[in-house]
Amino acid sequence: MDTDTMARDDTARKPARSTGDARLEEHFEARIAEGEFIEPKDWMPEHYRKTLVRQISQHAHSEYVGMLPEGNWITRAPTLKRKAILLAKVQDEAGHGLYLYCAAETLDASRDRMLAALHSGQAKYSSIFNYPTLTWADVGTIGWLVDGAAIMNQVPICRCSYGPYARAMIRICREESFHQRQGFDSLLVMMQQGTQAQKAMVQDAVNRWWWPSVMMFGPPDDQSPNSAQSMRWGIKRISNDELRQKFIDAAVEQAKVLGVTLPDPELKWNEERQHYDFGRIDWDEFWRVVNGNGPCNRERLAACVNAWDDGAWVREAALAHERKQQVQEAA
Ligand code: BYC
């Protein structure tokens, strides 16, 4: 995300320099230490604001782009029931994006600039959405694994130090929980009542989505440049590696219930650690995808840009309506 460029546009808060600002910073740190929420009109260090704009806007973009892989299956859902569930889920994701863009706007970030950064390819969004959805089983697998990973990562953000982000996350997490369950349920039906071909389709989808889901939590803690400061400020409550481990521990047990195999021969319970050990993560693949060279990066961005261009007449009509109302009110 081009937070530097965005910050140049934002004039409200300046970095702490004077003695007065040092006192403000001290007071701010004390409030964080007390576990108080920081609200939009409260004083905050510029770096705290920029960190939040970076994370919240990336998160909003992820929800927005995240509609595309599953949206691809709305017209091909196998039953009316599954189609209605999928429509509701994709619609929820649009809603999550909107709450999050609004939360970022409370930090003086402009919606137009956030979207421009997405459309130009400067902004990041979750690596996971750059993989294709090849079969119907991918939809259930995204619900189970991707939404499962999202909940693991997002529940701690409900206790994030910035009030508007924390409050948005409470509702988002409730909806993500429904998303995860519908995915698991869809896979369970196929695994318990499906044909051999349907079961093989589920296994193939799990094979493809497992490692990208494990990567979603971000780089290892010792290679995560933002973690230390975000943890100190209470933006991040649990580290990338800890969350990844919690996700793996939960998913292994769920895979047993489903009757699928996770594609990692090194997954093994470690009695001493009381966690599952797991195999090597291909971080080269992760960075390739994050840097724009995953299987669907170009397709995803093109879809966002096309939607923006196709929707220009709606934005123009809304503005024309607004102007008309203002003229009528003034008359
Ligand atoms: N993909 O220092 P780090 C969903 C970047 S929505 C791409 O550890 P941080 C869903 C990171 O941004 C899921 N980039 O960063 C929606 C940083 O780059 P910059 C989205 C990634 O911020 C619809 C650099 O790597 N969830 O689940 O401390 C349908 C170094 O990383 C990724 C959120 O956004 C990645 N996977 O920690 C279904 C949750 N990982 O910005 C499902 C909120 C890392 O310095 N975000 N990078 O250039 C977070 O919790 C944190 O931002 C992260 C990364 C844990 C993701």
Side-chain angles (χ1 to χ4, degrees), residues 1-4 6 50-72 86 89-97 99-100 103-104 117 122-131 133 138-158 160 162 165-166 168-169 172-173 175-180 182-183 209 211-233 235-244 247 281 283 285-294 297 300:
M1 160 60 54
D2 183 18
T3 43
D4 287 340
M6 225 185 277
K50 275 172 130 182
T51 300
L52 281 165
V53 170
R54 177 185 65 79
Q55 177 166 326
I56 300 172
S57 60
Q58 285 177 4
H59 195 166
H61 297 327
S62 304
E63 297 284 355
Y64 177 41
V65 179
M67 289 190 283
L68 296 169
E70 293 170 284
N72 178 33
L86 184 56
K89 180 181 192 286
V90 171
Q91 199 170 316
D92 283 352
E93 279 147 13
H96 298 174
Y99 310 150
L100 290 163
Q122 283 176 288
K124 287 194 171 70
Y125 58 86
S126 184
S127 49
I128 194 77
F129 301 117
N130 294 304
Y131 292 86
T133 40
D138 288 40
V139 172
T141 307
I142 289 178
W144 173 41
L145 292 178
V146 176
D147 289 282
I151 296 169
M152 208 53 99
N153 163 270
Q154 292 175 11
V155 166
I157 307 177
C158 299
C160 148
Y162 187 58
Y165 191 25
M169 290 316 299
I172 291 177
C173 285
E175 292 176 353
E176 295 288 12
S177 167
F178 153 72
H179 295 174
Q180 197 267 354
Q182 68 78 35
W209 287 93
W211 287 110
S213 302
V214 169
M215 291 173 193
M216 265 178 84
F217 296 90
D221 293 348
D222 58 4
Q223 290 160 44
S224 160
N226 301 299
S227 278
Q229 185 61 68
S230 288
M231 297 285 265
R232 274 198 292 278
W233 276 332
I235 294 171
K236 243 174 164 167
R237 296 284 183 192
I238 307 183
S239 83
N240 297 3
D241 284 333
E242 272 181 273
L243 287 169
R244 190 175 357 260
F247 167 72
I281 298 171
W283 291 113
E285 173 180 329
F286 172 76
W287 288 115
R288 249 195 329 275
V289 176
V290 171
N291 292 326
N293 298 310
N297 292 61
R300 300 292 183 240

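Sequence positions, counted from 1, serve as the residue numbers for this chain. We count ligands from 1, going down the list as the structure has it; atoms in each ligand are counted the same way.
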Between W144 and Q180, does a side-chain contact (heavy atoms from CB on, under 4.5 Å) hold up when you go through it step by step? CA-CA 5 Å; W144 173 41; Q180 197 267 354; 3.5 Å; yes
Would you tell me which option among P156, P69, A150 has the nearest heavy-atom contact to atom 27 (O) of ligand 1? A150
Residue part near ligand 1, for D147, under 4.0 Å between non-hydrogen atoms: side chain
Ligand 1-proximal atoms of V290, by part, heavy-atom distance under 4.0 Å: side chain
Considering only heavy atoms of N240, which atoms of ligand 1 have at least one such atom less than 4.0 Å away? 8 (O), 55 (C)
Residue F217 vicinity, atoms of ligand 1 by number, heavy atom under 4.0 Å: 55 (C)
Quick one: does ligand 1 sit under 4.0 Å from the side chain of V289, the backbone, both or neither, non-hydrogen atoms only? neither
Any idea which of S227, S62, S57 brings a heavy atom closest to atom 20 (C) of ligand 1? S62
Take K50 and R54 through the side-chain contact (heavy atoms from CB on, under 4.5 Å) test and state the conclusion after the steps. CA-CA 6 Å; K50 275 172 130 182; R54 177 185 65 79; over 6 Å; no
Among F129, Y165, W287, the residue with a heavy atom nearest to atom 25 (O) of ligand 1 is W287
Looking only at heavy atoms, is any part of K236 under 4.0 Å from ligand 1, and if so is it the side chain, the backbone, or both, or is it neither? side chain
Could you tell me if Q55 and Y165 have a donor-acceptor pair between their side chains, going purely by distance under 3.5 Å? yes
S127 heavy atoms within 4.0 Å reach ligand 1 at atoms 1 (N), 7 (C), 35 (C), 36 (N)
Within the 4.0 Å heavy-atom cut-off, what P225 brings close to ligand 1 is both
Answer yes or no: is there a side-chain heavy-atom contact under 4.5 Å between Y131 and D138? no
Where does the angle between the aromatic ring planes of H96 and Y99 fall among parallel (under 30°), tilted (30 to 60°) and perpendicular (over 60°)? tilted
Determine whether R244 and I281 satisfy the following criterion, side-chain contact (heavy atoms from CB on, under 4.5 Å), listing intermediate values before the conclusion. CA-CA 11 Å; R244 190 175 357 260; I281 298 171; 3.6 Å; yes
With rounding to the nearest 0.5 Å, note down the distance linking CD1 in I56 to CE in M169. 10.0 Å
Any atoms of ligand 1 less than 4.0 Å from a non-hydrogen atom of Y125? List them with their elements. 1 (N), 7 (C)
Check salt bridge (charged side-chain N to carboxylate O under 4.0 Å, His left out) between K236 and all other residues, then give those that pass, not counting sequence neighbours. none
Is I56 in contact with ligand 1, taking contact as a heavy-atom separation below 4.0 Å? no
For residues 214-224, run the donor-acceptor check on the side chains, cut-off 3.5 Å, and write out each pair with its distance to 0.1 Å, sequence neighbours left out.
{"unit_1": "D221", "atom_1": "OD1", "unit_2": "S239", "atom_2": "OG", "d": "3.4"}
{"unit_1": "D221", "atom_1": "OD1", "unit_2": "N240", "atom_2": "N", "d": "3.2"}
{"unit_1": "D221", "atom_1": "OD1", "unit_2": "D241", "atom_2": "N", "d": "3.0"}
{"unit_1": "D221", "atom_1": "OD2", "unit_2": "S239", "atom_2": "OG", "d": "2.6"}
{"unit_1": "S224", "atom_1": "OG", "unit_2": "S227", "atom_2": "N", "d": "3.4"}
{"unit_1": "S224", "atom_1": "OG", "unit_2": "S227", "atom_2": "OG", "d": "2.5"}

Heavy atoms of other groups near Q229 CD, more than 12 under 6.0 Å: yes
Rounded distance (nearest 0.5 Å) linking atom CG of L52 with atom OG of S230: 8.0 Å
Can you confirm, on distance only, whether ligand 1 has an N/O atom lying under 3.5 Å from any N/O atom belonging to S224? yes
Near M216, which atoms of ligand 1 are under 4.0 Å from a heavy atom of that residue? 27 (O), 36 (N)
To the nearest 0.5 angstrom, please state how far the CH2 atom of W209 sits from the CD1 atom of I128. 5.5 Å
Proximal ligand 1 atoms for P219, defined as those under 4.0 Å from one of its heavy atoms: 8 (O), 30 (C), 31 (O), 44 (C)
Any nitrogen or oxygen of R54 lying under 3.5 Å from a nitrogen or oxygen in ligand 1? Just yes or no. yes
Hey, is Q154 touching ligand 1 through its side chain, its backbone, both or neither, going by heavy atoms under 4.0 Å? side chain
Quick note on ligand 1: atoms under 4.0 Å from a heavy atom of K124 include exactly 5 (C), 12 (O), 14 (N), 18 (O), 19 (P), 48 (O)
Is K89 close to ligand 1, meaning an N/O of one under 3.5 Å from an N/O of the other? no
Please list, in number order, the atoms of ligand 1 under 4.0 Å from a heavy atom of G218. 40 (N), 44 (C)
For ligand 1, which part of Q55 has a heavy atom less than 4.0 Å away: the side chain, the backbone, both, or neither? side chain
Rounded distance (nearest 0.5 Å) linking atom NE2 of H59 with atom CD1 of I157: 6.0 Å
Residue selection (non-hydrogen contact nearest atom 55 (C) of ligand 1) among V90, N153, L243: N153
Ligand 1 contact on F286 by region, counting heavy-atom pairs under 4.0 Å: side chain
Under 4.5 Å between any side-chain heavy atoms of L243 and P156, yes or no? yes
